[in-house]
Amino acid sequence: MSSDGLIVKYKKIQDSIDVSQSDNSHIYQAMFQHLPFGIIYRNRKGDVEYINPAGRNLIGISNKEIQNFDVRRLSIEVLDSNGIRLPERDFPGALTLKEGKPQKDVIIGIRKDHKTIWIKANSEIIVDNTSDQILGVVTSIVDITQERDASVILQAQTKRAQMAVESAQMGIWDWIPEKQEMIWDKKLFQIYGYADEKAVAPADAWEKAVHPDDADRVRNESYDMIKNACNKEIDYRAVWPNGDIRHLRSQARIIKGSHGEVKRVVGVTHDITNAVMAEKKLWELAYIDPLTRCFSRAGLNFRLSRSVARALRKNDTFSVLMIGLRRFKDVNENYGLSVGDKVLIEISRRLQDIVEDCDTVARIAGDEFMLVLESVGSADAIEVFVDKVYSKALAPIQLNQDLTVNLDAAMGVSSFPQDGCDAATLQTHSSLAMHHPKNTETRKFISYCNEMSEEVSRKFSLKYQLMSAVKNEEFQLYYQPIIDLDRHTVIGCEALIRWKDNTSKFISPMEFIPVVEESGLIHELGNWINLTAIKQWELWQHLTPDLKYISVNVSPRQLEHSCFVEDLMAMVSAHSISPENLQLEITEGTFLKESLNADSMLHRLAEYGFRLAIDDFGTGYSSLAYLKRFNVDVIKIDRSFIVDIETDQSDRDIVSAILAMNKKLGFRTLVEGVETQKQDKIIHGLGCESAQGYLYGKPTFADEFAEIYISSKVSS
Ligand code: C2E
Ligand code: CA
Ligand code: CA
């Protein structure tokens with residue numbers, strides 16, 4: 001059908017709606033041609049007779065394809081609003097024709113080349129006014145692709161937002177301050193613990209819900225929000241009508257009026273209880289000791305840093321008290337770990353009891369506690385508190401009818417700010433004070449002083465110098481003569497170690513030997529001493545028949561090394577020395593060290609024929625029972641009994657008693673530290689056979705020793 005034909009029909013349409021009676025066919029023709037929307041005309045049989053250019057464009061067919069128009073032959077697919085293929089009989093025009101009623105705003109998709117455009121179709125029957133006969137149906141189509149896409153996106157977004165609100169357990173509210181009107185959504189009632197949203201008015205519910213402890217803060221923040229017209233996020237606790245406590249977070253957005261005034265406040269509130277609980281759990285894991293519920297080491301750091309910040313702000317003082325339980329290991333070993341745990345729990349409980357709420361009790365190691373005492377600053381206050389620890393926390397712990405545990409503790413104190421201005425320093429200094437050698441059982445506590453740090457840093461420096469000194473054998477042995485008092489001959493010598501630090505200053509072996517012991521190098525150094533002395537003996541042994549032995553000092557730590565005897569035997573066999581020419585000086589304490597396995601070690605040494613001497617006799621343990629168990633050759637009476645022997649009768653009595661005992665038990669006696677002729681005379685008179693001391697000769701290096709004490713016999 002040509003457009004002229006349609007014009008005839010359209011004229012009829014116009015006639016039917018009585019818009020114009022005049023013949024304006026050219027106008028209609030132009031109209032159809034230029035209409036911005038599509039027009040499709042079907043005749044009463046349903047055949048498409050005309051589609052205007054905009055319609056063809058929309059559907060995507062050419063002018064030619066309109067001839068014998070058949071949708072099935074076209075390369076397009078027609079879809080309903082849900083994207084499902086639409087049969088031709090259900091096209092709006094076809095439906096209008098079939099049902100005799102118009103189709104309004106029907107959404108249809110036209111898919112061509114994998115692209116879909118969406119159109120809105122309206123179709124209307126055209127009736128001949130005069131005959132009332134149906135002429136056909138005209139369908140208008142408009143492209144709504146853009147609008148539809150936008151609305152689909154909007155719908156999806158709305159749905160997603162809805163889902164997010166639901167799944168985030170969020171409640172929405174709207175507050176109009178001017179009217180004091182509050183509107184809640186349904187979810188918000190649930191968040192505040194109401195099953196039925198009609199049970200209570202939102203304003204009342206809100207008033208009732210906020211936890212009394214948080215109420216002032218929340219009120220102030222809300223006031224601030226309105227006053228400054230600023231958005232806010234407030235966390236607080238809510239008390240549910242059934243008494244449950246929940247953690248909530250409200251985020252509020254201000255909506256301002258034209259003059260900048262707050263017109264409304266809209267917001268969301270969500271329940272963050274689970275997150276708060278999880279956070280609390282994590283915090284506990286990091287900061288709380290699970291056994292005692294005290295703070296852990298990390299917890300202590302956190303609390304101590306806070307105390308430092310507070311004290312700095314307020315120009316205040318506070319103290320850090322370290323408590324180390326003594327012999328707690330024995331409790332574990334004797335009664336088992338579960339008893340040990342109970343003791344720790346009880347002590348922690350008692351410590352918590354004697355501190356103030358703001359103080360901190362932390363367990364920082366198995367048997368060590370550190371307390372931050374906010375209100376304890378002065379020396380007097382520390383003393384009072386330490387007394388409390390002794391009388392209350394360390395009182396005997398009765399675990400059951402048969403078991404009472406008594407504990408003692410060493411304590412060290414450092415105070416802010418004089419002993420440290422940061423958490424780490426205060427901890428180090430209280431620990432230094434607690435571990436200080438002066439902190440013996442008789443003393444109750446030790447306060448930190450600067451010298452302790454100096455001691456420690458000196459010890460550190462010594463330690464590192466000694467490590468390289470041991471590696472590079474930077475030591476020297478000096479030798480001090482041992483005299484036979486009857487014959488006035490040199491019968492032996494004691495090897496005494498000498499070492500110069502990096503300033504070329506001699507450091508006393510009394511100072512550096514303990515450091516070498518602590519750093520675990522004493523076995524290595526001990527072997528060097530033994531070997532050097534043995535080699536020296538090799539050189540000297542034939543020079544004078546008077547020289548019977550060379551004496552070396554053996555640290556108890558050397559005997560802890562399982563290879564001590566083997567190493568010594570290997571040295572002896574590799575050099576021309578027999579064990580009776582080597583004297584090992586061992587202090588009394590060594591015999592009593594249970595962990596040492598000294599018994600078997602000393603027996604083996606005696607069996608091999610080494611001379612054993614007990615050094616510093618009289619200064620150590622009071623029990624003499626050990627003397628019977630070992631094959632001791634010589635008892636060296638400590639110098640402290642000789643210093644005042646000229647004037648002090650009791651010293652003379654002690655020395656003569658030791659001599660009597662030695663005689664009885666078959667030990668030889670040597671007196672150390674003889675400095676004067678008078679002392680020499682006294683000890684000789686008491687019956688002592690040998691001696692050592694500055695009177696006879698100071699320790700000196702090998703060549704000089706040989707020159708002075710041996711060369712008179714044979715030149716070296
Ligand atoms: P000690 O084993 O009791 O050694 C005797 C100390 O007294 C030596 O001090 C010696 O020089 C000193 N002395 C000797 N006669 C007199 C005297 O008449 N008057 C005074 N005032 N002192 C006298 P030294 O060499 O400083 O050694 C001190 C301590 O260091 C030794 O005491 C010993 O315990 C330890 N020591 C020294 N050398 C070694 C060693 O090679 N190995 C081990 N493990 N310890 C050693
Ligand atoms: Ca000695
Ligand atoms: Ca000695």
Side-chain angles (χ1 to χ4, degrees), residues 466 469-470 473-483 485 490 492-500 505-537 549-561 564 568 582-590 611-620 632-646 655 658 669-680 682-683 688 690-702 704-705 709:
L466 282 162
V470 171
E473 301 186 349
E474 291 167 9
F475 300 89
Q476 221 187 332
L477 286 188
Y478 272 31
Y479 300 91
Q480 186 178 30
I482 294 169
I483 308 296
L485 289 175
V490 176
C493 61
E494 178 178 359
L496 293 158
I497 196 162
R498 294 292 175 263
W499 176 65
K500 284 184 199 164
K505 204 177 99 196
F506 276 113
I507 306 297
S508 162
M510 307 271 264
E511 186 179 355
F512 75 77
I513 291 283
V515 181
V516 177
E517 285 178 338
E518 259 172 47
S519 53
L521 294 168
I522 191 67
H523 182 70
E524 217 175 321
L525 181 63
N527 277 350
W528 177 85
I529 293 167
N530 295 344
L531 186 62
T532 310
I534 288 170
K535 284 181 179 167
Q536 197 59 64
W537 175 260
Y549 61 91
I550 192 162
S551 194
V552 291
N553 291 283
V554 176
S555 140
R557 286 281 181 90
Q558 282 173 266
L559 291 178
E560 279 171 19
H561 205 283
F564 179 80
L568 194 61
L582 190 63
Q583 177 167 285
L584 308 171
E585 298 194 10
I586 292 150
T587 50
E588 279 176 286
T590 313
R611 296 167 66 103
L612 291 185
I614 301 202
D615 205 356
D616 307 338
F617 186 83
T619 58
V632 175
D633 294 285
V634 182
I635 301 279
K636 294 182 81 169
I637 301 179
D638 191 68
R639 183 177 156 259
S640 55
F641 299 103
I642 313 304
V643 181
D644 300 321
I645 204 163
E646 295 173 27
V655 172
I658 297 172
T669 311
L670 183 151
V671 169
E672 293 188 286
V674 180
E675 291 184 356
T676 66
Q677 293 288 354
K678 220 166 168 190
Q679 288 170 345
D680 171 84
I682 294 170
I683 57 161
C688 186
S690 57
Q692 197 181 333
Y694 293 169
L695 176 68
Y696 319 108
K698 288 194 170 177
T700 183
F701 51 96
E704 195 173 79
F705 183 87
Y709 306 106

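Small disclaimer: the values here were computed from a predicted structure and weren't measured. Atoms within each ligand, like the ligands themselves, are counted from 1 in listed order. Note that the numbering runs from 1 along the sequence shown for the chain.
In the vicinity of Glu494, heavy-atom distances shorter than 4.0 Å reach the ligand 1 atoms 2 (O), 4 (O). Under a 4.0 Å criterion applied to the non-hydrogen atoms of Gln480, ligand 1 contributes the atoms 14 (C), 15 (N). When each atom of ligand 1 is checked for a heavy atom of Gly673 under 4.0 Å away, the hits are 16 (C), 17 (C), 18 (O). Remark: ligand 1 atoms within the under-4.0 Å shell around heavy atoms of Glu675 are 17 (C), 18 (O), 19 (N), 20 (C), 21 (N). For ligand 1 and Glu672, the ligand atoms under 4.0 Å from any heavy atom of the residue are 3 (O). Per-residue contacts place Gly693 under 4.0 angstrom from the following atoms of ligand 1 (heavy atoms of the residue considered): 15 (N), 18 (O). Within ligand 1, the atoms closer than 4.0 Å to a non-hydrogen atom of Asp616 are 3 (O), numbered from 1 in the order shown.
A donor-acceptor distance shorter than 3.5 angstrom exists from the side chain of Gln679 to the backbone of Thr676, with no hydrogens or angles considered. Panel note: side chain Asn553, backbone Glu585; no donor-acceptor pair is recorded below 3.5 Å.
Contact annotation: the side chain of Val655 approaches that of Ile642 to within less than 4.5 Å [non-hydrogen atoms, C-beta and beyond]. Between Phe617 and Val632, the closest side-chain pair of non-hydrogen atoms is not below 4.5 Å. The shortest side-chain heavy-atom distance between Phe641 and Ile683 does not fall under the 4.5 Å cut-off. Using a 4.5 Å heavy-atom cutoff, the side chains of Ile550 and Tyr479 are in contact. At a threshold of 4.5 Å between non-hydrogen side-chain atoms, the residues Ile637 and Leu670 do not count as touching. Contact check for Gln476 versus Lys500: no side-chain heavy atoms found under the 4.5 Å cut-off.
Remark: minimum distance from atom 29 (C) of ligand 1 to any protein heavy atom is reached at Met510 SD, 3.5 Å. Among all protein heavy atoms, the one lying closest to atom 46 (C) of ligand 1 is Asn553 CB, 3.9 Å. Nearest protein neighbour of atom 11 (O) of ligand 1, counting heavy atoms only, is Pro699 CG, 3.3 Å. From the protein, the heavy atom lying nearest to atom 39 (C) of ligand 1 is Ile497 CG2, 3.7 Å. Atom 10 (C) of ligand 1 has Leu496 CD1, 3.8 Å as its closest protein atom, hydrogens excluded (heavy atom only). Here the heavy atom of the protein found nearest to atom 16 (C) of ligand 1 is Tyr694 CE2, 3.2 Å.
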### Verdict with supporting geometry, Val470 and Trp528, side-chain contact (heavy atoms from CB on, under 4.5 Å)
CA-CA 9 Å; Val470 171; Trp528 177 85; over 6 Å; no
### Task
Tell me, with the steps shown, if Val671 and Leu485 meet side-chain contact (heavy atoms from CB on, under 4.5 Å).
CA-CA 10 Å; Val671 169; Leu485 289 175; over 6 Å; no
### Query
How far apart are the C-alpha atoms of Gln558 and Asn527, what are their side-chain angles, what is the distance that settles it, and do they pass the side-chain hydrogen bond (donor to acceptor under 3.5 Å, both in side chains) test?
CA-CA 9 Å; Gln558 282 173 266; Asn527 277 350; 5.6 Å; no
### Task
Could you please spell out the steps behind the side-chain contact (heavy atoms from CB on, under 4.5 Å) verdict for Asp616 and Glu588?
CA-CA 7 Å; Asp616 307 338; Glu588 279 176 286; 5.8 Å; no
### Task
List the steps, then state whether side-chain contact (heavy atoms from CB on, under 4.5 Å) holds for Ile497 with Leu477.
CA-CA 5 Å; Ile497 196 162; Leu477 286 188; 4.0 Å; yes
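Distances from the Ca ion (ligand 3) to the N/O/S atoms of Asp616 are shortest for OD1. Taking the Ca ion (ligand 2) as reference, Glu585 places its N/O/S atom OE1 nearest.
Using 4.0 Å as the threshold, Lys698 has no heavy atom nearer than that to any atom of ligand 1.
For atom 32 (O) of ligand 1, no protein non-hydrogen atom is found at a distance below 4.0 Å. For atom 7 (O) of ligand 1, no protein heavy-atom neighbour is present inside the 4.0 Å cut-off. Within the 4.0 angstrom cut-off, atom 43 (C) of ligand 1 has one or more protein heavy-atom neighbours.
Looking at ligand 1, you won't find any N or O of Ile522 less than 3.5 Å from one of its N or O atoms. Looking at Gln558 next to ligand 1, no N or O pair under 3.5 Å apart turns up. Residue-to-ligand polar distances keep Gln692 apart from ligand 1: every N/O pair is separated by 3.5 Å or more.
Take the Ca ion (ligand 2) as the corner point: the lines to OE2 of Glu494 and to OD1 of Asn553 open at 90°, to the nearest 10 degrees.
Residue contacts to the Ca ion (ligand 3): Asp615 brings an N, O or S atom closer than 3.0 Å. Coordination check, Asp638 versus the Ca ion (ligand 3): failed, since every N/O/S atom of the residue sits at 3.0 Å or beyond.
The two residues Ile682 and Ile645 have their closest heavy-atom pair at CD1-O, 3.9 Å.
For the residue pair Gln583 / Ser551, a side-chain donor-acceptor distance below 3.5 Å is found, with atom types taken as modelled.
Contacts with ligand 1 closer than 4.0 Å are made by backbone heavy atoms (N, CA, C, O) of Val674 only, the side chain lying farther away.
For atom 41 (O) of ligand 1, the candidate residues are Ile586, Ile529, Leu525; the nearest heavy-atom contact is made by Ile529. If you check each of Ala495, Pro509, Ser508 against atom 27 (O) of ligand 1, the one with the closest non-hydrogen atom is Pro509.
Between Phe512 and Phe475, the two ring planes are tilted [angle within 30° to 60°].
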